[in-house]
Amino acid sequence: MSPLSDHAVVVRPARTGDVSAIRELIGSYTDDGRLLAKAQVTLFESVQEFVIAEQDGQIVGCGALHVMWEDLAEVRSLAVRPDLQGHGVGSAMLTTLLDHARALGVRRVFCLTFEMDFFARHGFAEIESAPVSHEVFAQLLQSYDEGVAEFLDLERVKPNTLGNHRMLLSL
């Protein structure tokens, strides 16, 4: 499939049958540290958070929205097949995820990313620390989710976040 294909990309909720393709897509960005590897069981557990981009029956992108608190969610694992980057696939998935965040009542969306220009084009701005009160911070410390630990900038996940930038969008 050529990047210049005239066939439309469809963004839809992920299904369990998509998990292997999602894992493979995320895996294509783990060697260079741009994305964290995800265990297959983790992807099955969170499949309802994912959307996928599909073109001609092939999964060409994925991304997830993980609700962290009443008014805060994180965009995670946003990935586009390398040969289709720059063709609007990531933007289509991000728009869908942000619409979902609004529908859930989330007012702020966070991401931890190397792709600052992409997220800035969608209204995200760089921030220095976790944008939550001390009380919410204390509650989030109880989460077993590694992504929440990264959001909180906990020492045990520092190696995972080196070079990433924290960005936030107010909806």
Side-chain angles (χ1 to χ4, degrees), residues 11-16 18-19 22-23 25-27 29-30 33-53 59 61-80 89-171:
V11 177
R12 63 166 174 81
R15 298 185 291 255
T16 57
D18 300 325
V19 166
I22 291 169
R23 186 169 186 225
L25 187 56
I26 291 170
Y29 292 99
T30 58
R34 287 194 281 168
L35 289 178
L36 292 177
K38 303 277 187 194
Q40 194 164 3
V41 66
T42 302
L43 293 172
F44 278 114
E45 289 173 343
S46 61
V47 71
Q48 71 280 357
E49 297 179 354
F50 274 86
V51 297
I52 60 109
I59 293 177
C62 65
L65 181 75
H66 180 77
V67 175
M68 299 174 78
W69 201 251
E70 178 181 9
D71 66 338
L72 182 67
E74 179 185 12
V75 169
R76 296 181 169 180
S77 302
L78 189 65
V80 174
V89 176
S91 292
M93 289 185 301
L94 182 58
T95 297
T96 299
L97 293 170
L98 295 177
D99 288 346
H100 186 60
R102 287 182 189 93
L104 291 170
V106 171
R107 294 190 313 268
R108 299 175 302 153
V109 178
F110 166 82
C111 68
L112 190 61
T113 185
F114 289 103
E115 304 297 333
M116 291 183 63
D117 291 341
F118 171 80
F119 283 98
R121 283 193 306 273
H122 293 279
F124 285 76
E126 190 168 13
I127 59 172
E128 292 298 317
S129 61
V132 294
S133 68
H134 292 295
E135 295 80 16
V136 172
F137 190 95
Q139 291 293 318
L140 290 174
L141 282 173
Q142 298 177 49
S143 175
Y144 293 106
D145 187 282
E146 285 298 299
V148 172
E150 291 172 340
F151 170 76
L152 298 175
D153 204 23
L154 300 181
E155 197 62 38
R156 68 181 171 84
V157 294
K158 291 273 188 195
N160 296 342
T161 62
L162 292 176
N164 278 341
H165 297 270
R166 300 165 160 281
M167 300 186 82
L168 187 72
L169 172 69
S170 295
L171 300 176

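These numbers were taken from a predicted model, which means no experiment stands behind them.
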Ignoring hydrogens and angles, tell me if any N or O in the side chain of Y29 forms a donor-acceptor pair with the backbone of V80 under 3.5 Å.
yes
Please check if the number of heavy atoms outside E70 that lie under 6.0 Å from its CD is greater than 12.
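No, not enclosed.
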Atom [atom1] in [X], atom [atom2] in [Y]: separation rounded to 0.5 Å?
X    : Y    : atom1 : atom2 : result
F119 : L169 : CZ    : CG    : 10.0 Å
M167 : L112 : CE    : CG    : 11.0 Å
R108 : D71  : CZ    : CG    : 4.5 Å
E115 : L35  : CD    : CG    : 9.0 Å
L43  : S77  : CG    : OG    : 7.0 Å
D18  : L25  : CG    : CG    : 11.5 Å

Just list the side-chain donor-acceptor pairs under 3.5 Å for residues 46-53, sequence neighbours left out, or say none.
residue, atom, partner, partner atom, Å
S46, OG, T42, O, 2.9
Q48, NE2, E45, O, 3.3
E49, OE1, H66, ND1, 3.3
E49, OE2, H66, ND1, 2.8

Under a 4.5 Å cut-off applied to non-hydrogen side-chain atoms, are T113 and V75 in contact?
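No; the side chains remain at least 4.5 Å from each other.
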With sequence neighbours left out, which residue pairs that include part of residues 116-127 fulfil the salt bridge (charged side-chain N to carboxylate O under 4.0 Å, His left out) condition?
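Every candidate salt bridge (charged side-chain N to carboxylate O under 4.0 Å, His left out) pair involving residues 116-127 fails, so no pair, neighbours aside, qualifies.
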For a quick test of your reading: what N or O donor-acceptor pairs under 3.5 Å do the side chains of residues 91-101 make, sequence neighbours left out?
residue, atom, partner, partner atom, Å
S91, OG, H122, NE2, 3.0
T95, OG1, S91, O, 2.9
T96, OG1, A92, O, 3.0
D99, OD1, R102, NH1, 3.2

